[in-house]
Amino acid sequence: MTTTAKWYDRRDSVFIEFCVADSKDVKVNFDKTKFGFSCLGGTDNVKHENEIDLFEAIDQNESKHKRTDRSVLCCLRKAEPGKAWPRLTKEKAKLTWLSVDFNNWKDWEDDSDDEFGQYDQFSDMMNNMGGDDDLPGLDGADDDESDSDDESKYFFFFSFRLYCQQ
């Protein structure tokens, strides 16, 4: 019997979570281009087995798994870190027991070094907006310099994050 599983992609690894409660005798086989999983699960000790021809090669020595009471999470270390996997399997065929884990999915490809370029653009934009001369006088604003420094850092950080999300 195949086990229901969810997967998601990260920069250096691919994660697969097999949803088997009370698993026993867990066996995970990390091969360069194949991945195998088997266990006994539930109170009736049903045998579960899954085998996957992987989309790309993995580093079987750096890959590992962890068993919990509800599932088995496998971390497959990519042989080529930084290369996105659009799917888990080599073939494009849809496996009925496998789905994408959207709760953990992250488009990490978008988090590239471009963020530094966006930071520079945002800094330029903020500098072109004018300085303190445009602000009206605020009574008591100079009483505690350390608070205003912290507040301006937070304002700048959150403004930058909002700018990047556009």
Side-chain angles (χ1 to χ4, degrees), residues 1-123 150-166:
M1 169 182 217
T2 56
T3 306
T4 302
K6 301 181 288 186
W7 80 283
Y8 58 98
D9 183 35
R10 287 290 195 264
R11 186 176 305 279
D12 299 329
S13 303
V14 173
F15 293 87
I16 308 170
E17 183 175 19
F18 291 94
C19 306
V20 181
D22 301 321
S23 59
K24 300 170 198 69
D25 299 329
V26 175
K27 293 183 181 110
V28 179
N29 181 28
F30 299 108
D31 194 16
K32 188 171 179 142
T33 58
K34 267 190 177 178
F35 172 75
F37 170 81
S38 67
C39 73
L40 299 176
T43 55
D44 48 358
N45 289 326
V46 174
K47 183 162 176 98
H48 298 273
E49 288 185 273
N50 297 63
E51 189 171 284
I52 304 168
D53 289 320
L54 297 169
F55 178 74
E56 290 281 341
I58 62 168
D59 181 346
Q60 61 264 37
N61 297 323
E62 291 295 318
S63 298
K64 51 192 160 207
H65 73 281
K66 179 179 176 155
R67 183 204 161 277
T68 67
D69 289 340
R70 302 182 123 201
S71 66
V72 178
L73 181 63
C74 301
C75 173
L76 285 63
R77 182 68 72 169
K78 293 179 181 178
E80 292 183 53
K83 186 174 183 181
W85 287 25
R87 61 184 181 277
L88 182 62
T89 59
K90 184 176 184 173
E91 301 298 320
K92 288 187 178 184
K94 171 77 174 137
L95 302 174
T96 58
W97 54 268
L98 183 64
S99 63
V100 174
D101 186 349
F102 288 106
N103 290 333
N104 288 306
W105 191 271
K106 182 181 179 206
D107 287 331
W108 55 264
E109 291 177 289
D110 297 338
D111 295 341
S112 66
D113 294 334
D114 292 341
E115 200 163 296
F116 289 113
Q118 290 176 346
Y119 179 82
D120 291 338
Q121 289 175 359
F122 181 73
S123 293
D150 289 344
E151 288 172 4
S152 65
K153 288 176 190 172
Y154 288 121
F155 171 77
F156 188 79
F157 171 75
F158 288 115
S159 299
F160 175 68
R161 293 305 302 164
L162 287 172
Y163 175 77
C164 291
Q165 291 174 355
Q166 294 177 357

Q. How about Asp53 and Thr89: do any of their side-chain heavy atoms sit closer than 4.5 Å?
A. no
Q) When rounded to the nearest 0.5 angstrom, what is the spacing between CG in Leu95 and CG in Leu88? A) 8.0 Å
Q. Backbone N or O of Leu73 within a donor-acceptor pair of the Ser71 side chain at under 3.5 Å?
A. no
Q: Give, for atom CG of Asp9 and atom CG of Asn104, the distance between the pair rounded to the nearest 0.5 Å.
A: 12.0 Å
Q. Are the side chains of Tyr8 and Asn103 in touch, meaning some heavy atoms are under 4.5 Å apart?
A. no
Q: Hey, could you give me the CG/CG distance between Leu54 and Leu76, rounded to the nearest 0.5 Å?
A: 6.0 Å
**Q.** Set of side-chain contact (heavy atoms from CB on, under 4.5 Å) partners for Asp31, sequence neighbours left out
**A.** Lys34
Q) NZ of Lys94: more than 12 outside heavy atoms within 6.0 angstrom? A) yes
Q | Atom pair SG (Cys75) and CD (Glu17), whose distance is rounded to the nearest 0.5 Å | A | 13.0 Å
Q | side chain to side chain donor-acceptor pair (under 3.5 Å) between Asn50 and Thr2, worked out | A | CA-CA 5 Å; Asn50 297 63; Thr2 56; 5.0 Å; no
Q: Using modelled atom types only, decide if a donor and an acceptor are shared between the side chain of Arg67 and the backbone of Ser23 within a distance under 3.5 Å.
A: yes
Q: Quick one: closest heavy-atom pair of Ala84 and Pro86, and the distance?
A: O-CD, 3.6 Å
Q) Could you give the distance from CD (Glu80) to CH2 (Trp85), rounded to the nearest 0.5 Å? A) 10.0 Å
Q.
Using side-chain heavy atoms (C-beta onward) and a distance below 4.5 Å, is Asp101 in contact with Phe15?
A. no
Q | Residues that Phe35 engages under ring pair (Phe, Tyr, Trp, His ring centres under 6.0 Å), provided they are two or more places apart | A | Phe18, Phe30
Q | Heavy-atom donor-acceptor pair, Ser63 side chain to Arg77 backbone, under 3.5 Å | A | yes
(Q) For a quick test of reading the model, state the closest non-hydrogen atom pair linking Arg87 to Lys90 and the distance between them. (A) NH2-O, 3.1 Å
Q: Side-chain contact test, heavy atoms from C-beta onward, threshold under 4.5 Å: evaluate it for Val26 versus His65 and give yes or no.
A: yes
Indicate every side-chain donor-acceptor pair of residues 39-46 with a distance under 3.5 Å to a residue at least two apart or in another chain.
| residue | atom | partner | partner atom | Å |
| --- | --- | --- | --- | --- |
| Asn45 | OD1 | Lys24 | NZ | 3.2 |

Q: Carefully, step by step, assess Met1 and Lys47 under the rule side chain to side chain contact (heavy atoms under 4.5 Å, CB included).
A: CA-CA 6 Å; Met1 169 182 217; Lys47 183 162 176 98; over 6 Å; no
**Q.** Separation between CZ of Arg10 and NZ of Lys78, rounded to the nearest 0.5 Å
**A.** 10.0 Å
